[in-house]
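Every number for a ligand or one of its atoms is a count from 1 in the order of the listing. Here the structure is a predicted model, which means the values were calculated and not measured.
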Amino acid sequence: MQIYRIPVLSDNYIFLLHDAEQKLAAVVDPAEAAPVLQLLKQLGAELSAIFNTHHHGDHVGGNLELLRQFPQAVVYGGAEDRGRIPGQQVFLQAGDQVSFGGRQAEVLFVPGHTRAHIAYYFPPASEPIGELFCGDTLFAGGCGRLFEGTPSQMVDSLSQLRALPDQTRVWCAHEYTLKNLQFALTVDDQNPVLQTRFEQVKQARQQSESTVPSWIGLEKQTNPFLRWDLPALQAATQTVDPVRSFAKLRGLKDIF
Ligand code: ZN
Ligand code: FE
């Protein structure tokens with residue numbers, strides 16, 4: 001399974017999964033149809049699945065046009081998103097499995113950014129690398145804003161993602177990394193891994209390079225929203241309570 005990253009809108013990513021043998025493709029969160037159709041044509045592949053993580057327009061905007069072009073494609077989304085995802089046919093819950101390209105993905109229920117948000121986790125297959133499509137729940141160096149969920153839900157959701165193996169690629173839906181790490185340094189400035197990462201990301205962005213995917217292992221070392229229980233973050237948020245610490249951090253980021 002080959003994964004392509006398609007930059008769209010101002011800072012979104014659509015991910016296209018390609019099964020070259022079967023000449024099939026799946027897309028994750030198609031904000032727009034045109035760039036997906038173009039890549040499908042280039043690859044000579046048919047679209048067989050649309051995997052949505054949540055209902056926001058910049059994640060589902062291309063669903064209907066893609067369905068018009070590939071009526072056999074199946075549209076997946078969270079069960080709680082019923083009525084909010086255009087063309088949705090499959091209503092997924094925690095623990096459900098979806099398959100593509102000979103791989104099985106586990107569905108994780110990760111509310112917080114929205115009340116219905118899900119993520120797709122492909123465990124390692126032939127290579128020891130897992131793939132996580134987490135939409136707007138976890139970002140490289142940050143996490144999604146809480147539009148419909150509570151801090152306690154988001155801590156639970158991020159805990160599930162933090163528990164995945166270090167060798168998991170994090171395919172998040174936005175290029176927010178530089179700003180996220182700028183914020184991270186305001187609360188975790190003595191962290192040498194974070195300092196190094198910030199310099200690398202700054203350079204990458206100066207050359208218009210993408211910083212996605214990230215890795216769970218790297219996120220655990222540098223993302224303040226996965227580190228609410230570490231002394232430095234507890235000091236910065238002045239509480240040892242995980243949910244309060246997270247809420248304080250999220251509040252600071254909202255106005256950063
Ligand atoms: Zn969103
Ligand atoms: Fe988004």
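Less than 6.0 angstrom separates the ring centroid of H59 from the ring centroid of H174.
At most 12 heavy atoms of other shown residues, nucleotides or ligands fall within 6.0 angstrom of atom CD in E21.
A heavy-atom distance below 4.5 Å is found between the side chains of L16 and L43.
In summary, R169 and E127 do not engage in a salt bridge, as defined by a charged side-chain N under 4.0 Å from a carboxylate O.
In this pair, W171 and F133 present their aromatic rings parallel. The plane angle is below 30°, not in the 30 to 60° band.
Of all N/O/S atoms in D136, OD2 sits nearest the Fe ion (ligand 2). When the N, O or S atoms of H56 are ranked by distance to the Zn ion (ligand 1), ND1 comes first. Looking at D58, its N, O or S atom nearest to the Fe ion (ligand 2) turns out to be OD2. The N, O or S atom of D136 lying closest to the Zn ion (ligand 1) is OD2.
Here H59 reaches the Fe ion (ligand 2): one of its N/O/S atoms is less than 2.8 Å from the metal. The nearest N, O or S atom of H56 is not closer to the Fe ion (ligand 2) than 2.8 Å.
Using a distance-only test at 3.5 Å, with no hydrogens or angles considered, a donor-acceptor pair links the side chain of S157 to the main chain of P111.
With the Zn ion (ligand 1) as vertex, H54 NE2 and H113 NE2 subtend 100°, rounded to 10°.
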